[in-house]
Amino acid sequence: MSDGVRVRFAPSPTGHLHVGGARTALFNWLFARHHGGRFILRIEDTDRSRSTDANIDLIVDALRWLELDWDEGPPATGYRQTERFELYRAHAERLVAAGRAYYCDCPPAQLDAERKAAEARKETFRYSGRCRERGLAAGALRLRIPAAGATVVQDLVNGPVEFDHRQLDDWILVRTDGTPTYNFCVVADDVDMRISHVIRGNDHLSNTPKQVLCYEALGYPVPAFAHVSMILGPDRGRLSKRHGATSVQAYREQGILPSAMVNYLVRLGWSHGDQEIFTRAELIECFDIKDVSASGAVFDQTKLEWLSQEYIKRSDGARLAALVRPFLAEAGLTAPDDARLAAMLETLRERAKTLREMVEVGRFYFERPAGYDEAARAKLLTPAGAERLGMLVKRLQEVEPFTAAALEALYREMVAAMGLKLVDLAQLTRLAVTGRTASPPLFDVLALLGRDEVLARMRAARVAAAA
RNA sequence: GGCCCCAUCGUCUAGAGGCCUAGGACACGGCCCUCUCAAGGCUGAAACACGGGUCCGAAUCCCGUUGGGGCCA
């Protein structure tokens, strides 16, 4: 009888994929994968004025980037609400035929007046039900709901939530112009797609009793519900653009690893003991909707970046090379072959929280320094510095092999002979070669750059020091 | 405004009546390591919103207050 677990993510293509939506999608996906069920993508594009195909592409791209694959949905047809009006019409007719819905022709002005009157009495506005027994054949279609009693939403996250029917009214299923309303479409779609668990944002909890009544009127089983909390900004208000980036795409562009994004999102409102980092397989294994918290969670970019760095540290050079290439190209930098690039990135791994930062921090690998750090230049690129650079150039020309170990041995020998500390020659060299005072271990950098390139940069620095 | 949801360190959270002198993680401070910067190790500071109950015993249960969020229009 049962189809097993069938869940869906149903975004409106009115913009990019918001991190809150991404987390909802993730929870649905994990729930489906954990239970060996089906994950369905449905596009809620009934708001034609704001829905665009470009936005659908954006959302699809973001889900793919996060590697949340769906078992049913676009590009297959039949998963966009605008393709499903026949379904809504059929269900509306069923409700009329069964006497569970009726037409209403109350003029908007009158409804407005009643609404204002209710507000004045400090009451919830409730449609009067004036047209209930009039047997009209046209107008707005309303659901007939019981005047007394209450509807209890059994929520997997919030527990049972009771809504008194006195707070509900005969809501509109289909507008006078024939367009179905959001809540009606959702019910018809979820029924049609045999959705077993509706996992969605908390902001839909208040609409749920209306929907439950609609399922019942239609004579269909009510799915299980799980309303997950929303993602908040630092001020505990709904996360919005004014708090900074809200789209998944923006984090992708920042160079956050998708695996880190998923790990961060899942831990926002869900936990498994003290564990912070999870592989995909562990997530599928451990995820349980009952461990999802009902309270809102503040989005913390800093922790996301920490996770991103953790994932970067766990990635090998080859993987990093593939991830970083687009960012190098975007920065206009020419990358070496895979093997060399991989070796370079391994020295950068512990020094970058994002792929973008990785390019920034390792820029010297791909182009000669455009200048020198000002303070360090004043301190190191002096006549005395020029003299030391001259000595270094001479020795670097002949050291064999040109490896990190041999270079370190050479430097240690030189500082000992000169009565200096390693740092004295190291920082001078670092500045000459990278233009900066901070870099990966110097001898690794020199070896990776190669003798010719190092000598060229040292000579250039010597010229700059002498000037 | 009515209804609904929520409430543990700054943040994400563990905690399902005694295991809590409240644990972990991020961020922050200190120390160590060290050619720089990181990374790493050790370490410190930091929370049960408030008020009533219930109970031998409450962060945990109940009620209220306050605060935040949402839905409706």
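Chain identifiers are assigned alphabetically (A, B, ...) following the order of the sequence lines, protein sequences preceding nucleic acid strands; residue numbering begins at 1 within each chain. It should be emphasised that the depicted structure is a prediction, and the values quoted were computed from it without experimental measurement.
- Of the P atoms belonging to B:A49 and B:A58, the separation is 15 Å, rounded to the nearest Å.
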Within the sub-3.5 Å range, which N or O atoms of nucleotides 62-70 of chain B have a protein N or O partner, and how far apart are they?
| residue | atom | partner | partner atom | Å |
| --- | --- | --- | --- | --- |
| B:G68 | O2' | A:R236 | O | 3.3 |
| B:G70 | N2 | A:S206 | OG | 3.2 |

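- Rounded to a whole Å, the CD1 atom of A:I172 is 9 Å from the P atom of B:A73.
- When the side-chain nitrogen and oxygen atoms of A:S271 are compared with OP1 and OP2 of B:A14, one or more of them lie within a distance under 4.0 Å.
- For the contact set between residues 415-422 of chain A and RNA chain B, defined by any heavy atom under 4.0 Å, the members are A:L422.
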Could you run down the sub-3.5 Å N/O contacts of the protein with nucleotides 24-31 of chain B?
| residue | atom | partner | partner atom | Å |
| --- | --- | --- | --- | --- |
| B:G24 | N2 | A:E276 | OE2 | 2.9 |
| B:A25 | O4' | A:E276 | OE2 | 3.2 |
| B:A25 | N3 | A:K303 | NZ | 3.3 |

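- In terms of modelled atom types and a separation under 3.5 Å, the side chain of A:R451 and the main chain of A:L396 share a donor-acceptor contact.
- A:K210 is linked by a salt bridge (Lys or Arg N to Asp or Glu O under 4.0 Å) to nothing, counting only residues two or more places apart in sequence or in another chain.
- Nearer the 5' end of RNA chain B, as judged by each residue's closest nucleotide, is the contact made by A:F299, out of A:F299 and A:R351.
- The CZ-C1' distance, from A:R430 to B:A38, rounds to 11 Å in whole Å.
- Base-pair partner of B:C55: not found among the strands shown (Watson-Crick or G-U wobble, both distances under 3.5 Å).
- When heavy atoms are screened at a 4.0 angstrom cut-off, A:G269 is found touching the sugar-phosphate backbone but no base atom.
- In this structure a side-chain-to-backbone donor-acceptor pair under 3.5 Å is missing from A:H18 to A:S247.
- Applying the side-chain hydrogen bond (donor to acceptor under 3.5 Å, both in side chains) test to pairs two or more places apart or on separate chains, those with a residue in residues 410-420 of chain A are A:R395-A:E413, A:E408-A:R412, A:Y411-A:T429.
- The residue A:L442 sits close to a base: some heavy atom pair falls under 4.0 Å.
- In summary, the side chains of A:H227 and A:D203 do not present any donor paired with an acceptor at a separation below 3.5 Å, with no hydrogens or angles considered.
- The two residues A:R349 and A:D316 have their closest heavy-atom pair at NH1-CA, 3.8 Å.
- Rounded to an integer number of Å, the gap from A:E360 CD to B:C37 P is 19 Å.
- Atom name P, nucleotides B:A38 and B:C32: the rounded distance is 16 Å, in whole Å.
- One atom, CG of A:D169, and another, P of B:G2, lie 18 Å apart when rounded to the nearest Å.
- Remark: the separation of the C1' atoms in B:A45 and B:A22 is 16 Å, to the nearest Å.
- B:C72 is paired with B:G1 under the Watson-Crick or G-U wobble criterion, all donor-acceptor distances under 3.5 Å.
- The same atom, C1', is picked in B:C12 and in B:A27; the two are 11 Å apart, to the nearest Å.
- Distance check on atom C1': B:G57 versus B:C19 gives 14 Å, rounded to whole Å.
- Looking at heavy-atom distances under 4.0 Å, A:P234 makes no contact with the nucleic acid at all.
- Of all nucleotides present, none satisfies the Watson-Crick or G-U wobble test against B:C19 with each distance under 3.5 Å.
- For the pair A:R50 and A:D45, the salt-bridge criterion is not met [side-chain N within less than 4.0 Å of a carboxylate O].
- Put simply, the side chain of A:T434 gets close to the backbone of A:R436: a donor and an acceptor are under 3.5 Å apart.
- For the segment residues 392-410 of chain A, no residue has any heavy atom less than 4.0 angstrom from an atom of RNA chain B.
- Base-pair partner of B:G44: B:C28 (Watson-Crick or G-U wobble, both distances under 3.5 Å).
- Between B:G44 and B:G23, the two P atoms lie 11 Å apart (nearest whole Å).
- At a threshold of 4.0 Å, the pair A:D170-A:R126 does not count as salt-bridged, since none of the basic side-chain nitrogens sits closer than that to a carboxylate oxygen.
- The P atoms of B:U8 and B:G69 are separated by 15 Å, rounded to the nearest whole Å.
- Following rounding to the nearest Å, A:H165 (NE2) and B:C3 (C1') show an atom-to-atom distance of 13 Å.
- When each of A:V7, A:V157, A:V228 is paired with A:F27, the side chain to side chain contact (heavy atoms under 4.5 Å, CB included) condition holds for A:V228 and for no other.
- Side chains of A:Q211 and A:N183: a donor on one and an acceptor on the other come within 3.5 Å.
- For the pair A:K210 NZ and B:C71 P, the computed distance is 12 Å after rounding to whole Å.
- Side-chain proximity of A:A297 to the nucleotides B:C3, B:A73, B:U13 is greatest for B:U13.
- Using a cutoff of 4.0 Å between basic side-chain nitrogens and carboxylate oxygens, A:R166 and A:D164 are scored as salt-bridged.
- Legend: residues meeting salt bridge (Lys or Arg N to Asp or Glu O under 4.0 Å) with A:R33, ordered by chain and number and at least two apart, are A:D69, A:D71.
- Interface residues of residues 449-458 of chain A facing RNA chain B, ordered by number: none; criterion, heavy-atom separation under 4.0 Å.
- The interatomic distance linking A:L239 (CG) with B:U11 (P) rounds to 15 Å, in whole Å.
- Going from atom CD of A:E350 over to atom P of B:G41 covers 11 Å, rounded to whole Å.
- Evaluation of the ring pair (Phe, Tyr, Trp, His ring centres under 6.0 Å) test over residues 341-398 of chain A, restricted to residues two or more places apart or in two chains, returns none.
- Counting non-hydrogen atoms under 4.0 angstrom, A:P209 reaches nothing in the nucleic acid.
- Geometric assessment of A:R142 against the ring of A:Y102 yields a negative cation-pi assignment under the 6.0 Å and 45° thresholds.
- Within the model, atoms CG of A:L320 and CG of A:L348 stand 9.0 Å from one another, a figure rounded to the nearest 0.5 Å.
- Rounded to a whole angstrom, the distance from the C1' atom of B:C63 to that of B:G29 is 43 Å.
- Under the rule for a side-chain contact (heavy atoms from CB on, under 4.5 Å), the partners of A:Q301 that lie at least two apart in sequence or sit in another chain are A:Y251, A:Q254, A:F299, A:E305.
- Annotation: A:W270 is in aromatic contact with A:F287 [ring centroid separation under 6.0 Å].
- Sorted by first and then second residue, the salt bridge (charged side-chain N to carboxylate O under 4.0 Å, His left out) pairs involving residues 258-268 of chain A (not counting sequence neighbours) are A:R267-A:E276.
- The residue among A:K313 and A:A426 whose nearest nucleotide of RNA chain B is located toward the 5' end is A:A426.
- Of the N and O atoms on the side chains of A:T14 and A:S12, not one donor lies less than 3.5 Å from an acceptor on the other residue.
- Distances shorter than 4.0 Å separate some side-chain N or O of A:R412 from OP1 or OP2 on B:C35.
- Of the residues in residues 251-264 of chain A, none has a non-hydrogen atom less than 4.0 angstrom from any atom of RNA chain B.
- The nearest pair of heavy atoms linking A:S229 to A:S295 is OG-O, 2.9 Å.
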